[in-house]
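All heavy atoms count here, side chains included; hydrogens, waters and symmetry mates do not.
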Amino acid sequence: MALAAALMAPVSMQADSWQKTVTNASEFKTAFKAVGAGNAGETYEIICDWDASDEQSVGKLKPTLTKGKLIIRSNETNFDKMPQLVIALEWSADASEKAEEGQGMSLIFENMNLKGSGSYLVDHRRVIYADTIALRHCDIHGQTRSILRLDGDKGAVTDGEGNKLTAADYLVRAIDVKECRIHGTAQVSGDNWSVFRTFMPVLTFDVYDNMFYDMPYTKSLWETRTPGDEATVMNFHNNLVLLGENKNVASTGFIALMAADKLAAGSQIYMNNNIFMGPKKGVHTLVNDTSSYSATKVTNLAYGVVVANNNLVDTESYMPLDELNDSVLAALNTTLVGAETTKTLADFPEFSWETGATFQEPENDLYFIANSNAWKTAGVDANLDGHTYLGPSIAYVEQFPIPAALNIKVNGPEYITYSLSPEKAKYYVGDEVSVKFNDHNSAYRTLNSFTGWSDDASLTNPNRTLTLAAENNLTANFEAVVTNAVSVIDFSKITGSLNLDSYDADIYVGDYKTVVTMMVADTTNGAQAPFNYVLATSADRNFQSRAAKFGEDDSELQIPIISRRSPAVAHQAGQVNYAVFTLTSKDLDNIKFSCFVGSDNFIFKKQLLDYSVDGGQTWTNFASAEFTDETIRDAKFGDVDGKLFGWLELAGTLPAEANNKEALQIRVISDPSSEALVNLAAGNIDVAANDNFEYIGQVLITADITNGISDVTMNSDKTFNANAPVYNLMGMKIQKAQKGLYIQNGKKYIVK
């Protein structure tokens, strides 16, 4: 028993290792922060579990991990069903000293659809001693520059005298890239970056079974700069390289593995069963009118050994390997072994760029290869690992997908829109496509109701996932609930934190497009109160927006907002910033205004609605509301107890004086003489010294559009002339220049 306890003790010391399943961006960031600096020997595993149609963005994160292993993965192996994660990692901490073997940092991505939120997926301009950086079975795209930028030679020091670390003190022991689809990187003209930029020593670089395509400006797959003390070994096998359109390439041209003399002497590159070709029919890596390079090369390794067996090289796009040895590698003191086994397109007379011949659709960057293709059995098992095909296993399919036609119509209010995910130029039978509607409804406001799909009227939610057949003709049916809306501002076009000059209505009828602006108490010039009110025109004027509030609520309860942020010096003087909604009220009657207000910071209890018909010279109050126990609730802010104020509806009907004006203005403003409501979880708030943050969301303006039309009870046999010009008023088609009674959708209108 004592022996057993002793053997089990080391396991118990690993208790800090953990595995967390996350279902959205917020949970991901919480788990990510829990990693911290990392401890040697520990593993932190973040498992992403959300629908592939739901793109979750965590933005740019700054890891401090210097030891331990961080794994970011999903359990989904189907590329089209992998969770979409928008992310960029930018390291913020150096490894303080060379780690013991096996104790360095490791970063691993597996089974993820990774989209760049910046120039790089991994940007590490720090000193590290890493065990492994791995990308396994991922779809990676969207970086402006590189996927990996490892610039550990930027100059970190080990002592107070500024002495740089040696190459032995900062290196990556292994980079592992396997079964990935890598595309849509190096997309900016003039930014001719490499896909993998390792400006620090790397001992082993394994690149197996990957597809590289659609990178028109990249200058290389791999570029390195800082030789290590030990030789580097690169294993580059069974890859499909379709790069080098080079619309505006660097003067060096395109070199797939651009090692040059930046590796330790004796470094080796092993290449087996790869396909190197131009990216599509008629486009070759040598075609470029703005650069002076003479040939596109597979590699230019110096002072090393290149072993190349059974590679397929499109010699119209790339320099043949035997010529590479004669004109390039020999001059660089590099030995080339196996070039005589190179295959060219002449060895495969059945090759064709035509759609469905060799590749699925090269013009659409779909480079699937049929299992029946001769390439499937043309490889050699040089590594004794069962790879006897050319190119990557993930490119081969039993048969090419069959195109599917997808046509979705909306029967209902014209403002209802939808999006498809994944969004593709072309879909195929068996594809799963998620349809997501923006019906402009929320938990607080219902403008319309969904009444069913044409193929299944029993569905109660318009959002659905379709498995496509050859023909897909579907109609989503909606009915208007609010039939007299003239302007709706739900801020649905706001996707992040912004500073805005103004915001236009998301939905409006005819000429009734409401515009919201912010008036702020101008305290910038140090004048004494009362302050002049000026139009917010810049960030320091505090007209700010947020994509969602409150983060402490479930996602369906969050709404986009604009913020009235009043400086302390203003509200202490009895003035607060306010939002102004401007629209014409010509031909409007019975005008009603409604919005929701709230805060998770500091807000005044009484909220007011005023109107002006003289350009804001005078304001008249027409409604107010106060926060009550029902609109103030407890909430958790991390581990801290706090308060949420709202959402409180602020609504009222304007008097007849507001009708038929060229410009009607409605303002949302608080009463700074009312009680200050403070969320203590937001910090040590002093109402005399802190700005207040009052949010507005979900604005609805309704009215009766008169325009010579009024309700009647009955009578008349006047018919509707379908050939006459018509007005479309609130969904009703009304003839121009004719009089009489019209009955539509159960409503009666008489044109006078």
> Measure the NZ-CZ distance between K606 and F604 for me, rounded to the nearest 0.5 Å.
13.5 Å
> Whether the side chain of T465 engages the backbone of V433 through a donor-acceptor N/O pair (distance < 3.5 Å, no angle test) should be reported.
no
> Taking S563 for its side chain and Y695 for its backbone only, find out whether a donor-acceptor pair lies under 3.5 Å.
no
> Kindly say whether S599 contributes a backbone atom to a donor-acceptor pair with the side chain of N679 at under 3.5 angstrom?
no
> Quick check: closest heavy atoms across W50 and V22, and the distance to 0.1 Å?
CE3-O, 3.8 Å
> Taking all non-hydrogen atoms of both residues, which atom of S17 and which atom of T43 are closest, and how far apart?
OG-N, 3.0 Å
> Do NZ/NE/NH1/NH2 and the carboxylate oxygens of D553 and R633 come within less than 4.0 Å?
yes
> Other residues, nucleotides and ligands only: do more than 12 of their heavy atoms fall within 6.0 Å of NZ on K60?
no
> Examine distances only and state if a side-chain atom of S74 and a backbone atom of M82 form a donor-acceptor pair shorter than 3.5 Å.
no
> Might you work through the side-chain contact (heavy atoms from CB on, under 4.5 Å) test for V177 and W222, ending with a clear yes or no?
CA-CA 12 Å; V177 183; W222 178 36; over 6 Å; no
> Would you say the side chain of Y129 lies within less than 4.5 Å of the side chain of V172, judging by non-hydrogen atoms?
no
> Work out which heavy atom in P567 is nearest to a heavy atom in N577; give both atom names and the distance.
CD-ND2, 3.9 Å
> Would you sort out whether N111 and T77 count as a side chain to side chain donor-acceptor pair (under 3.5 Å), showing the intermediate values?
CA-CA 6 Å; N111 301 334; T77 57; over 6 Å; no
> About how many Å separate CG of L500 and CD1 of I494, when rounded to the nearest 0.5 Å?
5.5 Å
> If every non-hydrogen atom of D209 is compared with every non-hydrogen atom of I394, which pair is closest and at what distance?
O-CD1, 3.7 Å
> Please step through side-chain contact (heavy atoms from CB on, under 4.5 Å) for the pair V597 and E694, ending with a clear verdict.
CA-CA 7 Å; V597 292; E694 301 176 313; over 6 Å; no
> Are the side chain of S194 and the backbone N or O of R197 linked by a donor-acceptor pair below 3.5 Å?
no
> When you check the gap from the basic side-chain N to the acidic O, do K115 and E55 get nearer than 4.0 Å?
yes
> If we only count heavy atoms from C-beta on, is the I182 to V195 side-chain gap below 4.5 Å?
yes
> Is any side-chain heavy atom of N601 closer than 4.5 Å to one of N692?
no
> What distance do R173 atom CZ and I133 atom CD1 have between them, rounded to the nearest 0.5 Å?
13.0 Å
> State, to 0.1 Å, how close T517 and D501 come at their nearest heavy-atom pair, and which atoms those are.
CG2-O, 3.9 Å
> Are S434 and S53 close enough that a side-chain donor and a side-chain acceptor fall under 3.5 Å?
yes
> Got more than 12 heavy atoms from elsewhere within 6.0 Å of NZ, K549?
yes
> Hey, does the Lys NZ or Arg CZ of R125 hover above the aromatic six-ring of W91, less than 6.0 Å from the centre and inside 45° of the axis?
no
> Tell me if a side-chain donor or acceptor on T631 pairs with a main-chain N or O of W647 at a distance below 3.5 Å.
no
> Out of the candidates E179, K178, E76, R73, only one should pair with H137 under the side-chain hydrogen bond (donor to acceptor under 3.5 Å, both in side chains) rule; please name it.
E179
> Check A676 against V687 and note the closest heavy-atom contact, atom names and distance.
CB-CG1, 3.7 Å
> Look at E649 together with R445 and state whether they make a salt bridge at an N to O cut-off of under 4.0 Å.
yes
> Hey, what do you get for CD1 (I72) to CZ (F109), rounding to the nearest 0.5 Å?
4.0 Å
> Do the side chains of N113 and L85 get nearer than 4.5 Å, heavy atoms only?
no
> Could you check whether H571 and D691, counting side-chain N and O atoms only, form a donor-acceptor pair closer than 3.5 Å?
no
> Check this for me: E423, atom CD, are more than 12 non-hydrogen atoms of other residues, nucleotides or ligands nearer than 6.0 Å?
no
> Under 3.5 Å, side chain of H183 to main-chain N/O of G142, donor-acceptor pair present?
no
> What class does the angle between the rings of F196 and F212 fall in, given that below 30° is parallel, 30 to 60° is tilted and above 60° is perpendicular?
perpendicular
> With W193 as reference, evaluate R149, E223, M215 under the side chain to side chain contact (heavy atoms under 4.5 Å, CB included) test and give the passing residue.
R149
> Go through it in stages, so that I can follow the logic: the residues are F693 and F602, the test is side-chain contact (heavy atoms from CB on, under 4.5 Å), and I'd like the CA-CA distance, side-chain angles, deciding distance and then a yes or no.
CA-CA 6 Å; F693 294 77; F602 163 18; 5.5 Å; no
> Between V207 and D176, is any pair of side-chain heavy atoms under 4.5 Å apart?
no
> Output, in order, the C-alpha distance, side-chain angles, deciding distance and verdict of side-chain contact (heavy atoms from CB on, under 4.5 Å) for V576 and I669.
CA-CA 7 Å; V576 286; I669 188 169; 3.6 Å; yes
> Can you tell me how far the CG atom of N239 sits from the CE atom of M211, to the nearest 0.5 Å?
11.0 Å
> Just checking, any donor-acceptor pair under 3.5 angstrom between side chains of S26 and N24?
no
> Report yes if some heavy atom in the side chain of T185 is under 4.5 Å from a heavy atom in the side chain of Y120; otherwise report no.
no
> Could you check if a side-chain atom of F450 sits within less than 4.5 angstrom of a side-chain atom of I416, using non-hydrogen atoms only?
no
> I507 and side chain to side chain contact (heavy atoms under 4.5 Å, CB included): which single residue from V488, L700, I489 fits?
V488
> For F32, is there any backbone N or O sitting under 3.5 Å from a side-chain donor or acceptor partner on Y44?
no
> Quick check on N684: does its CG atom have over 12 non-hydrogen neighbours (other residues, nucleotides or ligands) under 6.0 Å away?
no
> Hydrogens and angles aside, do Y415 and N448 bring a side-chain donor and acceptor to less than 3.5 Å of each other?
yes
> More than 12 heavy atoms of other residues, nucleotides or ligands under 6.0 Å from NZ of K424: is that the case?
yes
> Run the salt bridge (charged side-chain N to carboxylate O under 4.0 Å, His left out) check on K636 and E552 step by step: do they pass?
CA-CA 7 Å; K636 278 282 190 182; E552 293 70 33; over 6 Å; no
> Does the side chain of S119 pick up a donor-acceptor pair with the side chain of Q143 at under 3.5 Å?
no
> Sub-3.5 Å donor-acceptor pair from the side chain of N499 to the main-chain atoms of Q544, do we have one?
no
> What distance do I147 atom CD1 and L114 atom CG have between them, rounded to the nearest 0.5 Å?
9.0 Å
> Counting N and O atoms only, with roles assigned by atom type, does the side chain of W453 sit under 3.5 Å from a partner on the main chain of P462, one being a donor and the other an acceptor?
yes
> Are the side chains of I408 and Y418 in contact, using a 4.5 Å heavy-atom criterion?
yes
